[in-house]
Structures are given as structure tokens and as C-alpha cells.
**Q** 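I have a structure here, written as C-alpha cells, and I will follow up with some questions on it.
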Amino acid sequence: MAELKEELKEKIIAVLNLEDIAVEDINDNDPLFGEGLGLDSIDALELIVLMDKEYGIKLSDPKQGKTIFESIESMSAYIAENRTK
Amino acid sequence: MKNNVFINGIGAVTAQGIWRTELFEEASELNEAVNHAQQPSYKEFIAPAMSRRMSRGIKMGIYAAQQALDEAEVTVPDAIITGTGLGCSEDSEKFLRNILDNQEEFLTPTSFIQSTHNTVAAQIALRLQCKGYNFTYVNRSISFESALLDALLQLQQGEEEHILVGGVDEVSDHTFRLLQLIEEVKASDTNETVKTSVTPGVNYGEGATFFSLGVQKTRSSYAELVDIHIQHRVDRAELPDFVAQFLERNTLAAADVDALLLGYNGDSASDSYYVAFEALFPQAASLYYKHLSGQYDACSAFGLAAAASVLQQRHIPSRLKWKDNTAPGPLKTVLLYNQLKGKDHALTLIRAC
């Protein structure tokens with residue numbers, strides 16, 4: 001799981017082009033939206049595509065997103081349970 | 001009665017750095033096939049959360065726009081008008097590459113949103129909360145002049161009082177390689193300047209140059225923008241008539257023009273027109289600018305900045321001189337002429353104020 005979290009942080013930094021942010025700066029339980037990383041709705045779309053492309057997970061219910069994208073912790077747990085690749 | 005229109009502020013991000021009084025004294029001649037603009041620090045202008053999604057073209061545009069507005073002491077202009085030949089080509093390439101690499105799946109929104117040609121004008125407006133007229137002209141090498149003409153007409157008619165107008169283009173890798181393949185741009189191993197050019201193509205560049213135009217002359221005014229004329233095709237034989245008509249409508253004779261600012265770019269297909277043009281103004285000083293900016297579609301905006309600076313300073317920096325001739329009298333009137341390979345001809349007349 002620790003490996004997946006690291007990988008996820010790296011991918012998020014790359015995909016969202018988070019300048020000046022390193023893997024070590026993101027805590028597993030930091031909120032990704034609002035406070036914490038301060039991501040917005042366009043980033044949410046980028047994360048949905050990332051889940052599909054990298055882990056084969058299609059989020060059909062947008063309401064799920066709010067819980068899944070809460071933090072690296074919640075995101076990695078969902079990926080570990082539902083990944084198809 | 002038409003309003004007079006003044007260039008009250010200039011901002012730029014160029015291969016010679018940002019806009020400053022000493023730019024032309026400090027400038028060095030470009031001799032590379034590709035010349036990126038020297039990027040300033042954007043941190044004080046653009047929030048990191050916004051900046052991370054922006055390509056160079058957008059950042060350069062925002063920086064140059066703010067510089068021009070600051071100099072003119074305008075907080076929010078009435079309108080924002082830009083010209084760009086290729087728009088945000090970096091993001092366009094990214095989006096298209098994603099389509100190919102991912103077999104049309106997994107398309108992310110950011111590069112698509114940022115790839116449209118009007119992104120720069122839109123981002124400037126968003127940042128300034130400017131809800132006025134916002135327009136982007138995409139007409140290859142007369143994109144900037146089209147924007148400038150729109151601004152001039154609106155100001156002359158009294159529809160607006162302050163307009164921010166600018167030209168911006170960015171270098172993107174794939175487009176650059178394609179332009180090299182078709183010999184529009186010089187091969188990477190050539191080290192020729194505009195003057196020493198012998199091989200086909202041009203030295204390519206990028207940049208953003210913005211102007212704050214207003215109907216009132218201010219203490220920061222550079223020059224008066226008098227007239228612009230654009231025409232897609234002009235045969236070389238028609239050039240004298242094309243010029244004569246423009247001078248006539250501005251009640252000028254050729255001898256009234258003190259200096260010419262010409263778009264020489266080292267490619268004979270374009271430069272032969274400038275030679276013919278110069279011959280029509282034997283008394284005027286000949287200046288050029290693409291040896292400092294590189295050739296890109298909106299580079300004539302940098303040319304206008306150079307001409308405006310010459311009129312404000314009443315001095316021609318040696319770096320801008322195409323020929324070592326000087327204007328016969330005091331510098332009052334400068335005529336800019338740009339075209340590319342015999343198409344998209346633009347005449348821009350500015351006067352000291």
C-alpha cells in the first residue's frame with residue numbers, strides 16, 4: 001500500500017503539474033481539495049481520467065468522487081480494492 | 001470628429017528579456033534557428049494554482065499585458081484585443097498527442113481548455129475581472145495588425161477610452177520541427193543572422209508584446225497611432241500604388257516619413273519586398289527588428305514597440321539600424337511595413353506626440 005501511495009503522489013504531481021510540490025510535501029491524510037493541496041473541479045476531472053487510464057477504474061457515479069478523492073489515503077484504498085490493471 | 005489614439009504603455013516578454021528602456025541598447029542579434037523568449041519570474045503576477053496550467057504563451061501574455069497597463073496607469077481596460085498566429089500551440093500539441101497516444105480515450109480537459117487561440121485574452125480578462133469586449137484575431141502574420149486596427153477604430157469612434165491590445169505566439173516543439181521540414185525555419189545547425197542569411201527559412205522566435213492604447217495623451221505616451229492598412233495580396237509591381245494610396249489618405253508625401261521599420265527576416269521570399277519598399281523612401285532611415293525578436297506570426301507587435309520607443313526617445317539605437325543612414329530631420333513620423341512571403345501586407349503609421 002505504501003508503494004501505491006508513493007506512486008499515486010508522483011502521478012498526481014505530474015498530471016496536475018503541481019509546481020514546487022514534492023512527494024514528501026503530501027501527507028496521506030491531507031485533503032486534496034479545498035484546504036491541503038487546494039485542487040479544483042478541473043483537477044477532479046483529471047483525477048477521474050487518471051484512475052481510468054492508470055488503474056482501469058471507471059467512476060460512473062459522480063457522488064462517489066467526493067469520498068474517493070478526499071485524500072491520498074482514501075484514493076489509494078479505493079484503487080487497491082477496485083483496480084483492474 | 002475622430003479621436004486621436006495614443007500608445008500610453010508597453011509591455012513585452014521577448015528573446016531580449018522583458019520590456020525596459022534599455023532593451024534596444026542591451027539587445028543582441030539572434031543567430032539560432034529557434035529563439036525562446038527569456039522568461040521572467042511569474043510568481044508575483046500569477047497565483048501558483050493558476051500558473052501550473054498555463055503554457056508559456058499565456059504567462060508571457062499576462063506579464064506583458066500587466067506591464068503595459070502599469071505603465072499607462074490603467075487598472076482595468078475597456079476592452080482586450082489580441083492577435084496570434086498559432087495560439088496556444090503547446091497545449092494544442094499536448095491535446096492532439098494525447099488523442100493519438102491513447103487511441104482517443106482518456107482525454108483530459110486542461111490542455112484542451114487552454115489550447116484555444118483566445119485563451120490568452122480570456123486569462124488576462126479573468127485575472128483583471130475585465131468584462132468588456134474581448135476578441136482574438138487569428139490571421140497568420142497580420143493577426144496583430146488586425147487586433148490593432150480593431151482597437152484603433154473603436155478608440156477613434158469613441159466607443160472605448162482604454163484598450164489593451166497585444167500580439168502573442170509561443171514556440172512548440174512539434175510545430176517548430178514541421179516548419180523546419182518545409183524550410184520555413186532554418187536548419188538547427190545554421191548560425192545565420194537576418195543580415196548574413198544565405199540558407200532558406202528564418203530564425204524562429206516567440207514572445208508577447210502588449211500596448212495600452214488611450215484617447216488621451218499622458219506623461220507616459222510613446223507615440224500617436226495614426227493609421228493602419230492591411231491587404232492580403234499586393235503584387236510587387238503594385239507596391240508603389242499601395243503605398244501612395246496610404247500616404248495620400250494620411251496627407252503625407254514620401255519625404256514626410258522620417259523612418260521606416262521593416263520586417264526583414266533573412267528569407268529572400270519576404271525580404272525582396274522590403275528592398276522595393278525602401279526604394280520608395282530614399283530619404284528615410286531604415287530600421288529592422290526581427291533580428292532581435294525572431295520571426296513569428298505576431299512579432300510585428302514587437303516591431304511597433306520598437307518604433308514607438310524610437311519616437312519617444314527621439315533616438316535610433318544602432319541595433320535597430322538596417323542601413324547606416326540617419327533621418328534627415330527630427331524624428332516625427334515612422335512607417336512600419338510588414339508582410340510575409342508577399343502576403344498579408346500591413347502598413348502602420350505612428351507619429352511623435
Side-chain angles (χ1 to χ4, degrees), chain A residues 4 7-27 30-62 64-66 68-72 75 78-79 82-85, chain B residues 13 36-37 39-63 88-116 118-120 122-123 125-127 129 170-173:
Chain A
L4 175 60
E7 178 190 292
L8 196 53
K9 288 176 190 175
E10 280 169 19
K11 285 189 196 301
I12 288 175
I13 289 171
V15 165
L16 304 184
N17 196 20
L18 299 173
E19 294 168 345
D20 304 328
I21 291 183
V23 170
E24 311 78 69
D25 300 331
I26 308 174
N27 295 316
D30 280 352
L32 296 178
F33 292 83
E35 298 290 312
L37 276 190
L39 305 185
D40 59 23
S41 57
I42 296 175
D43 296 316
L45 289 172
E46 295 278 357
L47 292 182
I48 289 169
V49 175
L50 183 147
M51 297 270 272
D52 192 357
K53 187 179 167 184
E54 302 292 334
Y55 304 106
I57 299 171
K58 285 190 193 300
L59 292 182
S60 47
D61 180 6
Q64 282 182 298
K66 206 171 175 184
I68 298 166
F69 296 137
E70 205 169 280
S71 64
I72 293 290
M75 222 178 142
Y78 189 83
I79 291 169
N82 296 281
R83 68 189 300 171
T84 58
K85 60 178 179 185
Chain B
V13 178
H36 290 97
Q39 301 296 300
S41 165
Y42 293 110
K43 282 187 178 161
E44 58 190 277
F45 284 91
I46 310 166
M50 302 286 285
S51 164
R52 67 190 164 92
R53 293 203 186 108
M54 293 176 177
S55 65
R56 276 195 326 285
I58 304 172
K59 290 179 190 172
M60 293 191 294
I62 288 177
Y63 191 99
C88 297
S89 51
E90 214 174 88
D91 277 308
S92 299
E93 283 183 12
K94 209 184 288 177
F95 181 69
L96 293 171
R97 199 174 299 118
N98 276 340
I99 292 180
L100 292 172
D101 291 350
N102 299 317
Q103 282 82 46
E104 300 188 21
E105 283 188 287
F106 312 122
L107 298 177
T108 56
T110 306
S111 52
F112 174 66
I113 294 168
Q114 305 282 54
S115 69
T116 56
N118 59 357
T119 304
V120 178
Q123 290 287 353
L126 272 173
R127 185 173 167 274
Q129 289 298 299
E170 65 185 7
V171 172
S172 54
D173 292 344

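Each chain gets a letter, A, B and so on, in the order the sequences are listed, and its residues count up from 1.
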**Q** So for B/Ile113, is it side chain, backbone, both, or neither that comes closer than 4.5 Å to the heavy atoms of chain A?
**A** side chain

**Q** Evaluate the ring planes of B/Tyr42 and B/Tyr63, with Trp represented by its six-membered ring, and classify them as parallel (under 30°), tilted (30 to 60°) or perpendicular (over 60°).
**A** perpendicular

**Q** Would you call B/Pro109 and A/Glu46 a side-chain contact if the rule is heavy atoms closer than 4.5 Å?
**A** yes

**Q** Given the options A/Ile42, A/Leu45, A/Leu18, which has more heavy-atom pairs under 4.5 Å with chain B than any of the others?
**A** A/Ile42

**Q** More than 12 heavy atoms of other residues, nucleotides or ligands under 6.0 Å from CZ of B/Phe112: yes or no?
**A** no

**Q** Name the region of A/Leu50, side chain, backbone, both or neither, that has any atom closer than 4.5 Å to a heavy atom of chain B.
**A** neither

**Q** Contact part of A/Asp20 toward chain B, heavy-atom cut-off under 4.5 Å: side chain, backbone, both or neither?
**A** side chain

**Q** Within the 3.5 Å criterion, strictly below it, is a donor on B/Thr116 or B/Thr119 matched to an acceptor on the partner's side chain?
**A** yes

**Q** After noting the C-alpha distance and the side-chain angles of A/Asp52 and B/Phe106, does the key distance pass the side-chain contact (heavy atoms from CB on, under 4.5 Å) rule?
**A** CA-CA 7 Å; A/Asp52 192 357; B/Phe106 312 122; 3.3 Å; yes

**Q** With a 4.5 Å heavy-atom cut-off (strictly below), which parts of residues 53-61 of chain B touch chain A? List them by number.
**A** B/Arg53, B/Lys59

**Q** Counting heavy-atom pairs closer than 4.5 Å to chain B, which one of A/Leu39, A/Leu37, A/Leu16, A/Ile48 comes out on top?
**A** A/Leu16

**Q** So, does B/Glu170 use its side chain to make a donor-acceptor pair with the main chain of B/Glu90 at under 3.5 Å?
**A** yes

**Q** Are B/Met50 and B/Gln123 packed together at the side-chain level, in the sense that at least one heavy-atom pair is separated by less than 4.5 angstrom?
**A** yes

**Q** For residues B/Val13 and B/Pro40, report the shortest heavy-atom separation together with the two atoms involved.
**A** CG1-CD, 3.8 Å

